[in-house]
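Note on naming: letters A, B, ... go to the chains in the order of the sequence lines (proteins, then strands), and numbering restarts at 1 for each one.
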Protein chains: 2
Amino acid sequence: MTKRASTIQDVADKAKVSIKTVSRVINNEPNVAIKTVKKVETAIKQLEYQPNAFAQSLARSKPKIISLIYDTPSPNYISHIMEGVLSFCYKAGYEVIIHPLRFNEIGMLRSAEQFIKKSRLAGLIVTPPHSDNIEFIKLIEKLDLPKVLISSGLDLDQSDCIKTNDEEISIEMTNYLIKSGHRKIAFIKGHPTHLSVNQRFIGFQKAMKDANINIDNSLVENGLNSLLSGEQCAERLLNLSNRPTAIFASNDEMAAGVIKVAYKKGIRIPDDLSVVGFDDSPMTEMITPPLTTVRQPLDAIGEKSAQKLIDKLEDRDISHESIIKSEIIFRESVTRLH
Amino acid sequence: MTKRASTIQDVADKAKVSIKTVSRVINNEPNVAIKTVKKVETAIKQLEYQPNAFAQSLARSKPKIISLIYDTPSPNYISHIMEGVLSFCYKAGYEVIIHPLRFNEIGMLRSAEQFIKKSRLAGLIVTPPHSDNIEFIKLIEKLDLPKVLISSGLDLDQSDCIKTNDEEISIEMTNYLIKSGHRKIAFIKGHPTHLSVNQRFIGFQKAMKDANINIDNSLVENGLNSLLSGEQCAERLLNLSNRPTAIFASNDEMAAGVIKVAYKKGIRIPDDLSVVGFDDSPMTEMITPPLTTVRQPLDAIGEKSAQKLIDKLEDRDISHESIIKSEIIFRESVTRLH
DNA sequence: AATTTATAAGACAGCGTTGTCACTTATAGC
DNA sequence: GCTATAAGTGACAACGCTGTCTTATAAATT
């Protein structure tokens with residue numbers, strides 16, 4: 001008894017048809033007699049046959065393989081995006097290669113190019129911060145590869161992007177703080193190269209302007225998306241004589257930093273200070289108090305990206321909605337001011 | 001100008017040698033004149049040639065492709081393991097396919113079999129909880145596929161496993177609590193099907209026995225690895241008249257649940273109650289107080305797994321150390337009792 | 001110098017599919 | 001009932017590489 005996996009030839013022999021006919025059945029091609037289809041399907045089942053994906057890729061002009069390119073954002077972010085991408089691709093019969101690419105590494109572009117060529121990819125899904133990297137986008141275009149960029153801050157063809165409504169939801173969040181009676185609202189910006197994160201600040205500004213509240217520049221801090229940078233910003237903010245009553249951090253980690261510092265200083269949350277974050281990372285429920293934040297449907301973003309890319313690859317209509325809406329998750333870190 | 005990626009034939013033409021010679025250069029085979037190697041390498045560089053991984057896989061008997069099988073454990077866990085696996089495989093010239101597999105889904109085994117056959121994998125790296133699933137392991141063995149199981153609680157050949165010293169480090173952690181003066185120590189067990197997590201309880205028991213401390217059964221709770229289950233266990237534990245002075249939770253999420261409940265009840269940590277967790281997930285630094293916990297070097301585990309698998313595939317010696325040591329990360333959630 | 005051996009390079013088949021084209025057999029049209 | 005068309009099937013090359021075998025050349029041995 002051989003352990004060799006069965007091939008299309010085995011199926012053909014068993015069903016007493018040609019290889020090509022088996023191939024037709026596998027790929028749902030027309031013009032095969034129903035009787036033949038049945039015969040072949042039985043043989044496939046008996047042999048537990050599965051087509052060899054690499055041979056298929058080689059024989060087809062376009063291999064059914066795409067790649068998800070990421071750097072090292074939060075594990076939570078990437079693993080949920082991945083989940084969505086994988087689940088859609090699996091259904092659509094595509095293989096996915098997950099590929100990490102270090103943003104600042106020298107030779108990053110070259111290694112990316114090597115990877116893409118070697119794998120003969122059909123298309124690419126790119127997550128931030130790479131989706132903001134013009135050099136990288138140019139490379140993809142040079143290689144003439146279909147792509148979908150997630151949350152790119154770049155001004156690109158709509159058909160290449162999946163966006164979130166960061167600006168809009170930040171307006172909503174800011175309005176929520178304003179409606180809760182807050183006027184002295186501080187904002188902690190995100191990492192400067194992370195363009196889409198900066199949409200959040202723009203939303204904040206707009207909402208403040210619409211409410212006719214001046215933004216005090218000393219209440220705007222530049223964070224780096226990390227816990228530590230959140231702590232540092234909070235340190236400055238909370239030492240101010242004109243201390244804010246609410247802080248809007250561009251992501252949850254920085255918000256957690258704020259809460260830590262506040263705790264250390266004996267500032268109670270939400271009683272003395274309201275804090276909101278962005279991302280709804282798992283720890284928002286674990287800290288005290290649970291953090292009010294914005295949830296992006298990451299799985300859905302992943303799925304939509306995959307769908308969009310595959311639709312492109314198969315020359316299908318790509319009129320799908322490309323903006324995926326986030327929602328505010330109200331928890332316990334905000335108080336209403338009297 | 002065609003966008004077609006260059007092939008080995010193009011390189012051969014340009015270097016004025018045969019295809020086979022180019023192949024030899026690519027694969028570092030012996031018996032090629034230095035002059036020829038140089039010619040070929042120049043041609044490769046000029047054409048920016050990269051071998052087609054799928055054609056290689058097809059032509060070789062063993063494709064250089066492995067898969068990392070996971071369920072849906074914490075994003076943090078899987079993304080760090082993945083990091084290690086990818087980085088090693090990348091260096092070794094292997095491609096990795098990340099494959100999610102839902103533990104409880106009906107037809108899971110069949111879909112796993114399909115996937116493995118279709119991709120003609122060279123080998124498999126399996127994370128918990130699949131590494132504890134006998135049916136799944138049997139399937140892999142039936143398919144005659146080399147494998148490395150991460151943190152399997154099953155009694156398997158040493159050469160197939162990468163283990164962590166959960167029991168040993170739990171003994172250490174327990175001893176630390178004991179040395180800090182704690183006697184009434186509660187333990188929250190992990191998910192029952194997650195065998196390796198249960199090693200943690202065994203370590204706890206041993207340490208208590210060695211210290212001649214009786215384990216009060218009412219201080220042993222059955223958790224489910226989730227925040228919520230941690231809260232539920234804590235609720236019971238902290239309502240006890242004979243309340244513990246320290247709680248050892250089998251993972252960080254449950255420890256966070258304990259801290260939340262304690263906070264609600266006005267029990268101060270660490271002053272009134274010491275809490276330790278396990279895993280060193282990112283949020284341990286974000287909660288107040290920062291949690292004392294056990295760090296498993298996940299990236300290293302991933303790397304070692306990949307190394308072990310690839311060594312097997314290439315018939316190399318696999319005498320590597322297979323137990324990867326964790327360490328206690330001391331933070332602020334434990335107090336010394338006077 | 002003649003013969004063995006090592007080194008270098010190529011020819012050719014094969015990996016497991018799909019695409020193209022040609023062929024045979026039904027079905028339809030008049 | 002005879003041709004035009006469609007439906008069903010297969011032969012064969014191709015995809016881009018590697019393995020095996022062969023041949024040509026250089027080096028080593030006697």
Among C:dT18, D:dA11, D:dC17, the nucleotide that comes nearest once only the side chain of A:Ser18 is considered:
D:dA11

Atom pair distance, as rounded to whole Å: CD1 in B:Ile34 and P in D:dA26
16 Å

Could you give the distance from CG (A:Asp299) to NZ (A:Lys304), rounded to the nearest 0.5 Å?
14.0 Å

So does B:Thr21 get a side-chain nitrogen or oxygen closer than 4.0 Å to the phosphate oxygens (OP1/OP2) of C:dG10?
yes

Run the side-chain donor-acceptor check on residues 109-121 of chain A: report pairs under 3.5 Å with partners two or more places apart or on a different chain.
residue: A:Ser111; atom: OG; partner: A:Met108; partner atom: O; Å: 3.4
residue: A:Glu113; atom: OE2; partner: A:Lys117; partner atom: NZ; Å: 3.4
residue: A:Glu113; atom: OE2; partner: A:Lys142; partner atom: NZ; Å: 3.1
residue: A:Lys117; atom: NZ; partner: B:Glu48; partner atom: O; Å: 2.9
residue: A:Lys117; atom: NZ; partner: B:Glu48; partner atom: OE1; Å: 3.4
residue: A:Ser119; atom: OG; partner: A:Phe115; partner atom: O; Å: 3.0
residue: A:Arg120; atom: NH1; partner: A:Lys117; partner atom: O; Å: 2.4
residue: A:Arg120; atom: NH1; partner: B:Gln50; partner atom: O; Å: 3.4
residue: A:Arg120; atom: NH2; partner: B:Ser6; partner atom: O; Å: 3.4

I'd like to check the ring-ring contact (aromatic ring centres under 6.0 Å, His included) partners of B:Phe136; sequence neighbours left out, ordered by chain and number.
B:His130

side-chain N/O B:Asn52 vs D:dG16 OP1/OP2, d < 4.0 Å:
no

What is the distance, rounded to the nearest whole Å, between atom NZ of A:Lys64 and atom C1' of D:dC15?
17 Å

Residue pair B:Tyr94 / B:Leu313, side-chain heavy-atom distance below 4.5 Å:
yes

Among C:dG10, C:dT18, D:dC17, the one nearest any side-chain atom of A:Ile8 is C:dT18

To the nearest Å, give me how far apart NZ (A:Lys117) and C1' (D:dG16) are.
16 Å

Minimum-distance nucleotide to B:Leu58 side chain [options: D:dG16, C:dT7, D:dA7]:
D:dG16

What is the distance from CZ of B:Phe54 to P of C:dG14, rounded to the nearest Å?
25 Å

For atom CD of A:Gln50 and atom P of C:dG16, their distance in whole Å
15 Å

I need the NZ-C1' distance between B:Lys16 and C:dA9, as an integer number of Å.
17 Å

Every protein N/O lying under 3.5 Å from an N/O of nucleotides 19-25 of chain C:
residue: C:dG19; atom: N7; partner: A:Lys20; partner atom: NZ; Å: 2.6

In degrees rounded to 10°, what angle is found between the helical axes fit to the five outermost pairs at each end of the helix from C:dA1-D:dT30 to C:dC30-D:dG1?
30°

When rounded to the nearest 0.5 angstrom, what distance separates CD in A:Glu303 from SG in A:Cys89?
10.0 Å

Interatomic spacing from CG in B:Leu58 to OG in A:Ser57 - rounded to 0.5 Å
10.0 Å

Can you tell me how far apart CD (A:Glu29) and OG1 (A:Thr21) are? Round to the nearest 0.5 Å.
10.0 Å

Of A:Thr7 and B:Val32, the one whose nearest nucleotide on DNA chain C sits closer to the 5' end is B:Val32

OP1 or OP2 of D:dC17 sitting under 4.0 Å from any side-chain N/O of B:Ser57?
no

Distances for protein N/O vs nucleotides 4-6 of chain C N/O pairs under 3.5 angstrom?
none

Under the side chain to side chain donor-acceptor pair (under 3.5 Å) test, residues paired with A:Gln56 that sit two or more places apart
A:Arg60

Between B:Tyr70 and B:His99, is the ring centroid distance below 6.0 Å?
no

pair A:Ile137-A:Lys147: side-chain heavy atoms closer than 4.5 Å:
yes

What integer distance in Å separates A:Lys35:NZ from C:dA26:P?
10 Å

Counting the atoms with a prime plus P, OP1 and OP2 as sugar-phosphate, which does A:Ile19 contact under 4.0 Å by heavy atoms, base, sugar-phosphate, or nothing?
base

What integer distance in Å separates B:Ile26:CD1 from D:dG16:C1'?
10 Å

Quick check for you: to the nearest 0.5 Å, what is the distance between B:Ile19 atom CD1 and B:Ser23 atom OG?
9.0 Å

Under a 4.0 Å threshold between the charged nitrogen and the carboxylate oxygen, would A:Lys312 count as salt-bridged to A:Asp160?
yes

